[in-house]
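Reading through the C-alpha cells given below for one structure.
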Amino acid sequence: EDALLPAPQNISILSTNMKHFLTWSPVIVQGETVRYSVEFQGEYEREYTNESWLPIPECSLIPGTVCDISEDISAPVAYSLRVRAHSGARRSPWGAMQGLFNRSTTSLTPPLMKVIADGYHLLVELEDMGPAFQFCVLYWKKGQERRVQQKVVTEVRSAAHLDTMEAGADYCVRAQTYVEVINKSSSFSQTQCVRAQGDKSMWL
Amino acid sequence: GACRVSMSMTEIRAGFTAIKANIQARDPIRTLSILSHPHSLHKVKSSDRCCITHHLFNFYVDKVFKHCKTEDSYVNRKISSIANSFLSVRRKLGHCHEQNQCICGQESTEKLKQILANYEGLNVTSAAMKSLGELDILLDWMEKSH
C-alpha cells in the first residue's frame with residue numbers, strides 16, 4: 001500500500017547568505033492532504049554511524065514543500081538530505097536529494113548599507129546578517145581613487161565610524177560581506193557617496 | 001612541530017554549550033575524569049600539544065560521538081554538528097601528522113595511554129557520555145594553549 005504514494009521529486013537546496021532551504025515538488029493525491037518529513041546526514045553519520053539519518057522535528061509532517069535546514073547544516077562537511085511524503089497512514093519511500101550539499105556553496109550578497117555624513121564624520125550603517133558575517137568596507141575621498149582605505153566591521157548594531165572628512169569634500173564607500181567559517185566573500189555593493197558639511201564661517 | 005589548522009571554535013562551543021547541561025546530567029560518576037586524570041591537559045609540554053590534539057580528535061571521532069546517541073532529537077542534532085566539525089578538523093590535523101609536523105614525545109604518549117585507560121575503565125556508553133561532557137576541558141585547553 002505504501003508504494004502507491006510516490007516519493008517527493010526535484011529535491012534541491014536554495015542557499016543564500018548561509019540560510020539553507022530544502023525544497024521539493026509536491027506529491028499530488030486527489031482529495032488527500034499530503035505532508036512531508038525531512039532528515040539529514042552529515043559525513044560523520046555516513047562514515048561512523050552506519051549511514052544513520054537524523055530527523056528535523058521542525059520539518060516533520062509539514063504541509064509545505066520548503067524546510068529551513070540552516071540550523072543543522074552547521075559544520076564544514078558534505079551533507080545528504082532526504083524527504084518522504086505522508087498521507088493518512090501511508091508513507092512514501094524516501095526521496096533523496098541528488099548529490100551532497102556543502103555550506104561553502106552558499107551564495108553571498110553584498111550588504112545593505114547606508115552611508116551617513118554626520119558633520120565631518122563619515123559613518124556607515126550595515127545590515128545585520130547574523131553572527132557568522134563580517135564586512136569589508138572600502139572608502140575614499142572622491143578624486144583620490146588611488147588612496148582607498150579599508151576597514152573590517154564585525155559589530156553592526158551601531159553605525160561604524162570610518163573617517164573624519166575634510167570640509168565640503170565628497171567621500172565614497174562600498175562594502176562586501178565575508179564569512180570566516182567558509183572563508184568566502186560577496187561581490188561589492190554599489191558605491192554610495194556623501195558630502196561633508198562645508199566650512200562654518202566664523203564671526204570675528 | 002608547528003601545525004596551523006583553521007577551525008570554527010565558536011560554532012563548536014555554541015553547539016556544546018547548547019547541550020552541556022543535558023549531557024553532564026547523564027554522567028552519574030562525577031568524581032572521575034577521563035581527560036584530566038591523573039594530570040590536567042594544561043601540564044602538557046608545548047612541543048607535545050599538536051600530537052595530543054591530533055590524537056584527542058581521533059579519540060572523539062573514532063570512539064566517543066557514535067556512542068552518544070540519546071532519545072532527544074535536539075541533543076542528537078547538536079552532537080552531529082560537533083562530530084562533523086571534529087571530523088573536518090581531524091582531517092586537517094591528519095595532514096599535519098603526515099608532514100611530520102605533529103611529533104609525539106614520551107610524555108604525550110603516556111598521557112594518551114592514560115586517557116584511553118580511563119575511558120576503557122567504564123562501560124562504553126558511560127565513558128562516551130562522560131568524554132562528551134568533558135569537551136569543554138579540551139576546548140578550553142586548546143584555546144589557552146594554542
Side-chain angles (χ1 to χ4, degrees), chain A residues 17-20 22 37-62 67-82 100-106 129-134 154-155 178-185, chain B residues 4-20 22-23 56-95 119 124-125 127-129 131-132 135 139 143:
Chain A
N17 293 334
M18 297 296 269
K19 291 293 282 183
H20 322 302
L22 188 71
S37 295
V38 176
E39 293 188 345
F40 75 96
Q41 179 189 77
E43 191 175 339
Y44 183 84
E45 283 74 32
R46 282 194 298 283
E47 288 185 16
Y48 289 88
T49 62
N50 304 312
E51 305 199 349
S52 62
W53 292 84
L54 291 106
I56 301 179
E58 294 83 357
C59 296
S60 286
L61 297 173
I62 58 171
C67 171
D68 183 347
I69 57 174
S70 311
E71 190 73 20
D72 292 299
I73 308 296
S74 53
V77 297
Y79 284 87
S80 309
L81 278 299
R82 69 181 186 179
L100 302 171
F101 174 72
N102 192 305
R103 66 180 182 176
S104 60
T105 61
T106 193
M129 299 174 76
F133 285 77
Q134 302 171 32
T154 53
E155 177 51 59
Y178 173 66
V179 177
E180 188 177 17
V181 292
I182 58 172
N183 191 25
K184 188 174 180 178
S185 297
Chain B
R4 287 196 68 79
V5 169
S6 68
M7 66 182 279
S8 178
M9 186 63 88
T10 311
E11 284 185 319
I12 293 173
R13 265 208 194 278
F16 179 68
T17 303
I19 58 172
K20 177 179 175 178
N22 182 298
I23 295 298
L56 282 179
F57 270 70
N58 284 343
F59 168 69
Y60 274 91
V61 166
D62 294 333
K63 286 183 173 296
V64 173
F65 295 125
K66 58 184 167 188
H67 295 300
C68 291
K69 192 164 176 106
T70 74
E71 74 299 333
D72 185 321
S73 167
Y74 176 78
V75 171
N76 292 341
R77 291 156 78 186
K78 291 301 177 186
I79 293 172
S80 167
S81 173
I82 297 168
N84 278 287
S85 292
F86 263 57
L87 182 61
S88 170
V89 175
R90 194 269 284 267
R91 188 174 301 129
K92 296 173 189 172
L93 285 167
H95 296 328
Y119 185 85
V124 67
T125 304
M129 213 45 99
S131 302
L132 180 56
L135 201 67
L139 300 178
E143 282 193 323

**Message:** Report which part of Val89(B) has an atom under 4.5 Å of a heavy atom belonging to chain A: side chain, backbone, both, or neither.
**Reply:** neither

**Residue Phe86(B) versus chain A: region with a heavy atom under 4.5 Å** = neither

**Request:** Using a cut-off of under 4.5 Å on heavy-atom pairs, state which of Ala132(A), Pro131(A), Pro76(A) scores highest against chain B.
**Result:** Pro76(A)

Which donor-acceptor pairs lie under 3.5 Å between chain B and chain A?
residue, atom, partner, partner atom, Å
Glu11(B), OE1, Arg103(A), NH1, 3.3
Glu11(B), OE1, Arg103(A), NH2, 2.8
Glu11(B), OE2, Arg103(A), NH1, 2.7
Val61(B), O, Tyr44(A), OH, 3.0
Asp62(B), OD1, Tyr48(A), OH, 3.4
Lys66(B), N, Tyr44(A), OH, 3.1
Arg77(B), NE, Asp72(A), OD1, 2.9
Arg77(B), NE, Asp72(A), OD2, 3.2
Arg77(B), NH1, Glu58(A), OE1, 3.0
Arg77(B), NH1, Glu58(A), OE2, 3.4
Arg77(B), NH2, Glu58(A), OE1, 2.9
Arg77(B), NH2, Asp72(A), OD2, 2.8
Lys78(B), NZ, Glu71(A), OE2, 2.9
Ser80(B), OG, Glu45(A), OE2, 3.0
Ser81(B), OG, Ser74(A), OG, 2.6
Asn84(B), OD1, Glu43(A), N, 2.9
Asn84(B), OD1, Tyr44(A), N, 2.7
Asn84(B), ND2, Glu45(A), OE1, 3.2
Arg90(B), NH2, Tyr48(A), OH, 2.2
Arg91(B), NH2, Glu43(A), OE1, 3.4
Arg91(B), NH2, Glu43(A), OE2, 2.2

